[in-house]
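This report refers to the structure that appears directly beneath it.
Predicted model, so just to flag it, every value in this text is computed and none were measured. Throughout, protein chains are lettered first and strands after them, A, B, ... in sequence-line order, and every chain is numbered starting at 1.
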Amino acid sequence: MSDTGIGARVVRKEDNRFLTGRGKYCDDINLANQTYAYFVRSPHAHAKIVKINAKKAEKSPGVVAVLTGADLAEDGLGGLICGWSINNKDGSPMKAGAHPALATDKVRHVGDHVAVVIGESLAEARAGAELVDVKYKELDAVVEVGKARKRGMPRVHDEIAKNTCYEWAIGEKDATDKAFAKADHVTKLNITNNRLVANPMEPRVALGSYEPAEEHFTLYTTSQNPHVARLILSAFIGMAPENKLRVIAPDVGGGFGSKIFVYAEETVCLWASKRIGGRPVKWTSDRSEAFLCDAHGRDHETTAELALDKDGKILGLRAHTTANMGAYLSTFASAVPTYLYATLLSGQYNIANIYAEVDAVYTHTAPVDAYRGAGRPEACFVVERLLEVAARETGVDPAELRRRNFVREFPHQTPVIMCYDTGDFDASLDMAMEMADYKGFEDRRKKAARQGKLRGIGFSNYIEACGIAPSAAVGSLGAGVGLWESAEVRVNPVGTVEVLTGSHSHGQGHETTFAQLVSDRLGIPLEQVSIVHGDTDKVQMGMGTYGSRSGAVGMTAISKAIDKVEAKARKIASHLMEASESDVEFSGGNFTVKGTDKSLAFGEVALAAYVAHNMPEDTEPGLKEGAFHDPSNFTFPAGCHICEVEIDAETGVTKIVKWTAVDDFGKIINPMIVEGQVHGGIAQGVGQALTEACIYDPDSGQLITGSFMDYCMPRADDLPSYDLGFTETACPSNPLGVKGCGEAGAIAAPAAVINAVTDALGTEDISMPATPNKVWNAIQANAKQAAE
Amino acid sequence: MPIVTMNVNGKDVSGDVEGRTLLVEFLRENLSLTGTHVGCDTSQCGACVVHVDGKAVKSCSTLALSAEGAKVTTIEGVARNGELHPMQAAFKANHGLQCGFCTPGMVMAGLDIVKRRGKKLKEETIRAELEGNICRCTGYHNIVKSIQDGASKM
Ligand code: FES
Ligand code: FES
C-alpha cells in the first residue's frame with residue numbers, strides 16, 4: 001500500500017481552503033447588479049388565499065418587484081414534482097397533489113410560499129415583504145399522522161380523499177399470517193419514528209441569473225445533485241432547455257438528504273431573474289426558514305409484530321406503517337417509506353415471511369423526504385427494537401437471539417425484494433461484543449447501581465441497501481430516472497489528471513478519496529490529481545450524492561474510465577517502445593517491457609499522446625476517457641453497534657458512557673474519512689434517540705420547534721467518543737469492493753440507544769427522543785408500580 | 001450612514017454601515033471576508049465566531065458599530081505567511097472537519113478555549129466549552145481530538 005493509495009489515511013486535500021476561510025460556498029458568491037429575494041410565507045397551516053395586495057410593497061423603497069403564483073402561472077411554469085411513482089395495493093397510481101412553487105389558491109403549511117419580494121438589498125426586500133397584504137380565510141388543519149385519514153378531517157388537497165397519497169404493501173400476507181398462527185411467541189410494538197429536521201449547518205441558497213441576449217440561465221445553489229436539479233428544472237418545470245441552463249453547486253456545507261430536492265426557492269429565484277430583466281436574484285435561507293421549509297425526515301407511526309417459535313427462530317414479521325408526507329410530495333418522498341424502508345425489514349435475519357403495509361398521508365406540515373438513511377433507519381429501528389424486546393420477553397440473551405437468526409449463506413434473497421450479496425454478521429457481532437466488554441457488563445451495572453445510577457446496554461445489528469442503484473431495478477419500482485453515475489478522466493499533456501465526476505461532495509472528502517484511487521491506479525502523486533464536480537457545464541451528467549452511492553457507483557465509474565485511459569496509454573507505450581502490448585507492464589506509474597530495461601513514465605506517454613507525432617495506427621491523439629457505471633445490485637453495508645448508557649435516576653439525564661461500532665463497509669479507501677462518516681452518522685442517530693424532535697402544535701399546525709433554541713441539536717457534551725472497528729467482506733458487485741459508509745451510523749444508532757435506555761430502566765418501551773423529562777417520568781412510574 | 005473603523009487581521013479598515021449592521025455582515029459584505037459564516041439566527045451555532053480584542057464573540061450577535069476601534073481577528077487572519085496555525089493543522093491532521101461550514105467557528109472557539117483554559121485540555125473540558133458551537137457533520141469526536149492536539153502544539 002502506498003502512502004497515498006487505496007487504504008491509506010491520507011489527510012484531506014480540500015482542508016486548507018476550509019481551514020483558512022477560503023471555502024467557496026453559495027452565499028459567498030455575489031454577482032454584479034444582484035438583487036435579493038425575500039419570501040412572503042404563510043403564517044397559517046391551512047388557509048384560502050382570498051387576495052394578495054402588493055401595491056404598498058411595490059412602492060416601498062428599494063423594492064424591484066413583487067411576484068406571486070399568478071405571475072408564475074402566467075409564464076407557464078410547471079409545479080414542483082415527485083420523481084418516484086408508487087402504486088397502490090390495487091395497482092392504481094399514487095395521488096400527488098399539485099405543488100406550485102408559489103401558492104395560488106391555498107396555503108397548506110406554515111411557511112408555504114405565497115409571494116416573493118425582490119429588493120435592491122435584503123433589508124429592503126424584507127421591509128417590502130412586510131407590506132404585502134395577504135388576505136387569508138383560515139381553515140382547519142390536520143397535523144398528526146394518526147389523524148390524517150380519520151373521518152371528518154380537512155383535506156390537504158381537495159381532490160385527494162382521506163388525505164391518502166397511497167396504500168402500498170410488500171410481501172405475502174397470507175403466508176405471513178399463517179406463520180404468525182403457528183408462533184409460540186409474538187412480540188408486538190407500537191413505534192413512533194420521530195420527525196426530524198436535517199439541519200446541515202449551511203442553510204440553503206439560490207442565486208439565479210438570466211442572460212437575456214443568450215436566453216441562458218445560471219443557478220448557483222446548495223445542491224447534492226446539480227444535474228438532477230437541472231433535469232427537473234428543465235424537463236419538468238419548464239424553465240429552459242438543458243443547454244440553456246447551467247447549475248453550479250460549489251462548496252456545500254452538508255446536506256444529509258435535505259439538499260437533494262428541488263425546492264420552490266431555487267425555482268423562483270431563477271425565474272424571477274428573467275422576469276425582472278436579467279438582474280441576478282439571490283436568496284439565502286435563514287435558519288428559521290430552513291426549519292419551516294427544508295424537507296423534514298422520518299415521521300412514521302408503526303405497529304410491528306415478530307413471530308418466534310419455541311427455539312427463538314423468527315417465523316415472520318408484520319408491520320403497518322403510516323408515513324407523513326407533509327403537505328406536498330417532495331422530490332423523492334414517495335420512495336422513502338416504501339422501497340427504502342420496507343425492503344429492509346428482514347434486517348440481518350433469515351425471515352421467511354414478511355408482510356408490510358404502508359399508508360402515506362398528507363398533513364398540513366412541511367414536506368417530508370429523505371434524511372440521512374432515509375427509510376433504512378426506520379426499518380432498522382423496527383427490526384432491532386422487536387428483536388431486543390423479544391429477547392427480553394423470552395429470556396434469551398439479546399445477542400444470542402440475533403445469532404440464532406442470522407443470515408449466513410449468500411447470496412440471500414429476502415421476501416422483500418433485496419438480495420443480500422455478502423456479509424458476515426457473526427464477525428461484526430463478535431468483534432463488537434469483545435470491544436464493548438459485554439461479559440463485564442453485569443459488573444458495571446452493579447457498580448453503577450451502588451452509585452444510584454441505572455446502567456443499560458443495547459445492540460443494533462443493522463443492514464442497509466446503499467449505492468443506490470441499478471437503473472433497471474429502480475425503474476421497475478417506479479423511479480423516474482436511472483441511478484448510474486458518470487466520470488471522465490482527463491489526462492493533461494504533462495501527465496497531471498482531472499477527474500470529472502457526477503458525484504457531489506458536501507463534506508464527504510471526494511477530492512481526497514477519488515484522488516487516492518487515481519493516484520493508486522496511475523502511479524502519480526496525489527497533488528497531480530484534481531477532482532471537478534458540481535457544475536453542469538463542466539461535468540456532462542451525473543446523479544449526485546445520496547444513499548451512500550459515491551463510492552460504490554461514482555468511484556466505480558472513475559475506475560472504469562481509468563481502465564480505458566490505461567488501455568490507450570498502454571497501446572501508445574507499446575508502440576513507442578516497439579513491443580507487443582502483451583509484453584508491456586504498467587506499475588508504479590511506469591510502462592515497462594518485460595525482460596528488458598525499456599521504460600516510459602505515464603507522463604511521457606501522455607505527452608506523446610498529445611504531441612501525436614508518433615502514434616500507433618488507428619489511434620486518435622489525446623488521452624481522455626469517459627465512463628458510465630450502472631451497478632448490478634445495491635450494496636449492503638452492515639454491522640453491529642453497542643451502546644452503553646448510564647442514567648441519573650435523580651435527573652433522568654442519560655449519558656452514553658460507551659459506544660462501540662463495528663461496521664463492514666467492504667474495502668475502505670481512506671479509513672480516516674470513513675471513521676469520520678461513522679462518527680457523524682452516530683451523532684445524528686443519537687440526536688434522534690435522545691434530543692431531537694420536530695414538533696407542530698397539533699391544533700394550529702404552528703411549528704413549535706422552529707429554531708436551535710427549541711429543536712435540540714446534539715452538542716459536543718451530549719455525545720461520547722466512539723470506539724470503531726471494521727470487518728470486511730468485499731462487495732462483489734463493484735470492482736473496488738466498496739459498499740458505502742455515509743448513512744450507517746444514523747441507521748444503527750437510534751435502536752442501540754433506545755435498547756440501552758429501556759434496558760437501564762427495565763421498561764419495555766420509551767418513545768424517541770428519550771429526553772430527561774420522559775426518562776424521569778418512566779423512573780417515577782416504575783417506582784410507583786414497585787411500591788404498589 | 002455612520003462610518004465604522006476597526007483593525008481586522010492586522011489591517012485598518014473602515015466602511016459605511018447602518019446602525020443595525022451586524023459585525024458578520026460587515027466582515028462578509030463590506031470586507032468580503034467570507035470565511036466567517038452564518039448558520040443560525042438565534043445565536044446558537046457558533047459558525048460566526050471571531051475574536052474581538054482577544055475575546056471570542058459571535059459576530060452574528062454583535063453590531064458592527066460596537067466593534068469601533070477594536071482589533072478583530074477572523075479565520076482568514078489565523079494562518080501566518082501561508083503556514084497553517086498549529087490549531088488549523090491539528091484540525092487537518094485529525095480530520096476535524098467535513099463540510100467545513102462550522103470549521104472557522106470551531107477553530108476560533110478552539111483558540112479561545114486554549115487562551116482561557118490552557119494547553120493541556122481534558123476531553124470533558126473541551127466538550128463543555130464547545131456548548132456554543134454546533135457541528136452537524138463530525139459528531140464532534142475529531143473536533144475534540146483536534147482541539148486537544150492543537151492546544152498541545154501551541
Ligand atoms: S450564526 Fe452566530 S451563532 Fe449561529
Ligand atoms: S464540518 Fe460540517 S458542520 Fe461541522
Rounded to the nearest 0.5 Å, what separation is found between the SG atom of B:C99 and the CZ atom of A:F18? 7.5 Å

For A:V678, is it the side chain, the backbone, both or neither that has a heavy atom under 4.5 Å from a heavy atom of chain B? neither

So which of A:N16, A:T284, A:V11, A:D28 has the largest heavy-atom pair count under 4.5 angstrom toward chain B? A:D28

Per-residue contact mode, A:P720 against chain B (heavy atom under 4.5 angstrom): backbone

What part of B:T138 gets within 4.5 angstrom of chain A, counting heavy atoms only: side chain, backbone, both, or neither? backbone

Spatial distance of atom CE (A:M709) from atom CG (B:D41) [nearest 0.5 Å]: 10.0 Å

Nearest 0.5 Å, please: how far is CD1 in A:I682 from NE2 in B:H141? 9.5 Å

Would you indicate whether A:R17, at its atom CZ, is surrounded by more than 12 heavy atoms from other residues, nucleotides or ligands within a distance under 6.0 Å? yes

How about B:E68: does its CD atom have over 12 heavy atoms from other parts shown lying under 6.0 Å from it? yes

Is there any residue in residues 142-154 of chain B with a non-hydrogen atom under 4.5 Å from a non-hydrogen atom of chain A, and which ones are they? B:N142

Looking at A:P203, A:G254, A:G23, A:S288, which makes the most heavy-atom pairs under 4.5 Å with chain B? A:S288

So which of A:P200, A:P714, A:G745 has the biggest tally of heavy-atom pairs under 4.5 Å with chain B? A:P714

Report the C-alpha separation of B:R127 and A:D718 in whole Å, then their side-chain angles, then the decisive distance to 0.1 Å, and conclude whether the salt bridge (charged side-chain N to carboxylate O under 4.0 Å, His left out) test is met. CA-CA 8 Å; B:R127 287 186 183 274; A:D718 296 319; over 6 Å; no

Can you tell me which portion of A:A290 sits under 4.5 Å from chain B's heavy atoms? Options are side chain, backbone, both or neither. neither

A:R715 versus B:L130: any side-chain heavy-atom pair under 4.5 Å? no

Side chain / backbone / both / neither for B:E123 at chain A, heavy atoms under 4.5 Å: side chain

Leading residue by heavy atom contact count with chain B [cutoff under 4.5 Å; candidates A:R22, A:M713, A:R372]: A:M713

Just by distance, do the side chain of B:Y140 and the backbone of A:A683 share a donor-acceptor pair under 3.5 Å? no

Just by distance, do the side chain of A:R287 and the backbone of B:V38 share a donor-acceptor pair under 3.5 Å? no

Side chains of B:E124 and A:D717: closer than 4.5 Å at any heavy-atom pair? no

Write out, in numerical order, the residues from residues 74-87 of chain B with a heavy atom short of 4.5 Å from a heavy atom in chain A. B:I75, B:E76, B:A79, B:L84

Structural part of A:D27 lying under 4.5 Å from a heavy atom of chain B: both

Using a 4.5 angstrom heavy-atom cutoff, name the option from A:I673, A:N30, A:V252, A:D251 with the most pairs to chain B. A:I673

side-chain hydrogen bond (donor to acceptor under 3.5 Å, both in side chains) involving B:N133 - partner list, sequence neighbours excluded: none

Any ring pair (Phe, Tyr, Trp, His ring centres under 6.0 Å) involving residues 96-128 of chain B? Give me the pairs, sequence neighbours left out, ordered by first then second residue. A:Y25-B:F101, B:H37-B:F101

Answer yes or no: is there a donor N or O on one side and an acceptor on the other, between the side chain of B:R136 and the main chain of A:E202, under 3.5 Å? no

In this structure, CG of A:D710 is separated from OG1 of B:T42 (nearest 0.5 Å) by 8.0 Å

Measuring from A:Q677:CD to B:Q98:CD, what's the distance to the nearest 0.5 Å? 5.0 Å

One option among A:M672, A:E675, A:H506 has the most heavy-atom pairs under 4.5 Å with chain B, and it is A:M672

Pairwise distance SG(B:C40) to CE(A:M201) - rounded to 0.5 angstrom: 6.5 Å

